[in-house]
**Student:** 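Following this message is one structure expressed as structure tokens.
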Amino acid sequence: NGGTVKNLTVKSSYFAPSTSSAENVGAIVGAVLAGSVENCTSEGNLFDDGKALGGVVGSLNGTLLRCGSVRNDFHAANALTGGVAGSLGSNAVASDCYALDNYLYTERPGTLFGTLAKTADVSCCYAVSRVQNAAEDFTVFPIASAADGAAVENIFFIDRNAYMPERTSIDGTTPINVTELASGALCVRLNGERTGELFGQDLSVKTGYPVPGGAEVFRITACDGSTV
């Protein structure tokens, strides 16, 4: 399609089952074959259908920037599901995205992304969500699966399930704790040394999260040379 979708929010909608299951389902776009989706948010939606299912985009083969999926509920048992995007193809690039307080009850879930193709590229994203695998095989990691050659960098996640499963995480993904989230440390790690429209966070609010374009969080260098 080659165009750009930006600055949209979809709230409190129901993506209902159809008589013939939809291939790609997302609150903003079902499938992105080219082009980009930027600064879009999906919030408080219920997803009950789809084979590639994402809070923002079902199937991505373009660019996804600064998009969020918040308090969505996914109940498609056989779907390849991601809190933000379900399936990322060989030309997919996703950066500065986040998934917050979603609930995923699907067979193949990732709190951020479902599956990455060989040359997909994802970076500087994080997830704080709950996952229950429909097949009762707990999976809490931000990416369900990634092919060899997929680029994964600076992807962070917090486990809010009852326990951490004994499973190896995908390289490039890092678990963090609630203290790092609340203190602004996660925000600093997401931004790194980059410039531009980055993550920010209102640290005066205990329940605040890093979001693109939020209040700037500064890195402080202590006397011992460490940074906070």
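Any value given below was found using the heavy atoms of this structure, including those in side chains, with hydrogens, waters and symmetry copies removed. Nothing fancy with the numbering, it's 1 onward along the sequence.
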**Student:** Does some side-chain heavy atom of I143 sit less than 4.5 Å from a side-chain heavy atom of L116?
**Tutor:**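 The answer is yes; the side chains approach within 4.5 Å.
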
**Student:** Among pairs that include at least one residue of residues 56-67, which meet salt bridge (Lys or Arg N to Asp or Glu O under 4.0 Å), considering only residues two or more places apart or in two chains?
**Tutor:**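 Salt bridge (Lys or Arg N to Asp or Glu O under 4.0 Å) check on residues 56-67 returns E38-R66, R66-E197.
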
**Student:** Please report the shortest heavy-atom distance between D48 and Y14, naming the atom on each side.
**Tutor:** OD2-OH, 3.1 Å

**Student:** Would you list the pairs meeting salt bridge (Lys or Arg N to Asp or Glu O under 4.0 Å) in which at least one residue belongs to residues 88-99, sequence neighbours left out?
**Tutor:**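 Residue pairs passing salt bridge (Lys or Arg N to Asp or Glu O under 4.0 Å), neighbours aside: D96-R194.
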
**Student:** Out of the candidates V188, N191, L190, only one should pair with L198 under the side chain to side chain contact (heavy atoms under 4.5 Å, CB included) rule; please name it.
**Tutor:** N191

**Student:** With salt bridge (Lys or Arg N to Asp or Glu O under 4.0 Å) as the rule and sequence neighbours excluded, what pairs involving residues 142-157 come up?
**Tutor:** none

**Student:** Counting distance only, does the side-chain N/O of N39 pair as donor-acceptor with the main-chain N or O of C67 below 3.5 Å?
**Tutor:** no

**Student:** For S59, which residues count as a side chain to side chain donor-acceptor pair (under 3.5 Å) partner, sequence neighbours excluded?
**Tutor:** none

**Student:** Compare every heavy atom of L65 with every heavy atom of C97, then report the nearest pair and how far apart it is.
**Tutor:**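 Where C97 meets L65 most closely, the heavy atoms are SG-C, 4.4 Å.
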
**Student:** N154 and R189: which non-hydrogen atoms are nearest, and at how many Å?
**Tutor:**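 Shortest heavy-atom contact: ND2-O, 4.1 Å.
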
**Student:** Could I get the full list of side chain to side chain donor-acceptor pair (under 3.5 Å) partners for N24, not counting sequence neighbours?
**Tutor:** none

**Student:** Are F113 and V84 side-chain neighbours, meaning at least one heavy-atom pair lies under 4.5 Å?
**Tutor:**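 They are in contact (side-chain heavy atoms under 4.5 Å apart), so the answer is yes.
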
**Student:** Checking S204 now: which residues fulfil side chain to side chain donor-acceptor pair (under 3.5 Å) with it, not counting sequence neighbours?
**Tutor:** D202

**Student:** Which pairs count as salt bridge (Lys or Arg N to Asp or Glu O under 4.0 Å) when at least one residue sits in residues 70-86, sequence neighbours excluded?
**Tutor:** E43-R71

**Student:** In the structure I gave you, are the side-chain heavy atoms of K51 and L80 within less than 4.5 Å of one another anywhere?
**Tutor:** no

**Student:** So do V57 and L64 actually touch side chain to side chain, heavy atoms under 4.5 Å?
**Tutor:** yes

**Student:** Ignoring hydrogens, what is the shortest heavy-atom contact between A94 and C125? Give both atom names and the distance.
**Tutor:**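 So the minimum-distance heavy-atom pair works out to O-SG, 4.4 Å.
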
**Student:** Could you list the residues that satisfy ring pair (Phe, Tyr, Trp, His ring centres under 6.0 Å) with F47, not counting sequence neighbours?
**Tutor:**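 Listed in chain order: F15, F74.
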
**Student:** Heavy-atom distance under 4.5 Å between the side chains of L181 and I158, does that happen here?
**Tutor:** yes

**Student:** Check whether any side-chain heavy atom of F157 sits under 4.5 Å from a side-chain heavy atom of V128, and report yes or no.
**Tutor:** no

**Student:** With K118, which residues qualify under side chain to side chain contact (heavy atoms under 4.5 Å, CB included), at least two apart?
**Tutor:** A147

**Student:** Is there a donor-acceptor pair under 3.5 Å between the side chain of S69 and the backbone N or O of G55?
**Tutor:**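 Between the backbone of G55 and the side chain of S69 there is no qualifying donor-acceptor contact (under 3.5 Å).
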
**Student:** Grab the two heavy atoms, one from P212 and one from Y98, that are nearest each other, plus how far apart they are.
**Tutor:** CD-CE2, 3.3 Å

**Student:** Check side chain to side chain contact (heavy atoms under 4.5 Å, CB included) between V93 and all other residues, then give those that pass, not counting sequence neighbours.
**Tutor:** T63, D121

**Student:** What's the shortest heavy-atom distance between P142 and T111, and which atoms?
**Tutor:** CA-OG1, 3.0 Å

**Student:** Determine whether L88 and V122 make a side-chain contact, defined as any pair of heavy atoms from C-beta on separated by less than 4.5 Å.
**Tutor:**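 Answer yes - side chains close enough.
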
**Student:** Not counting sequence neighbours, which residues clear side chain to side chain donor-acceptor pair (under 3.5 Å) with T115? List them please.
**Tutor:**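 Residues passing side chain to side chain donor-acceptor pair (under 3.5 Å) with T115: S145.
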
**Student:** So, using side chain to side chain contact (heavy atoms under 4.5 Å, CB included) as the criterion, who are the partners of I28 when residues are at least two apart?
**Tutor:**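 With neighbours one apart ignored, the set is V5, L8, V10, V37, C40, V56.
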
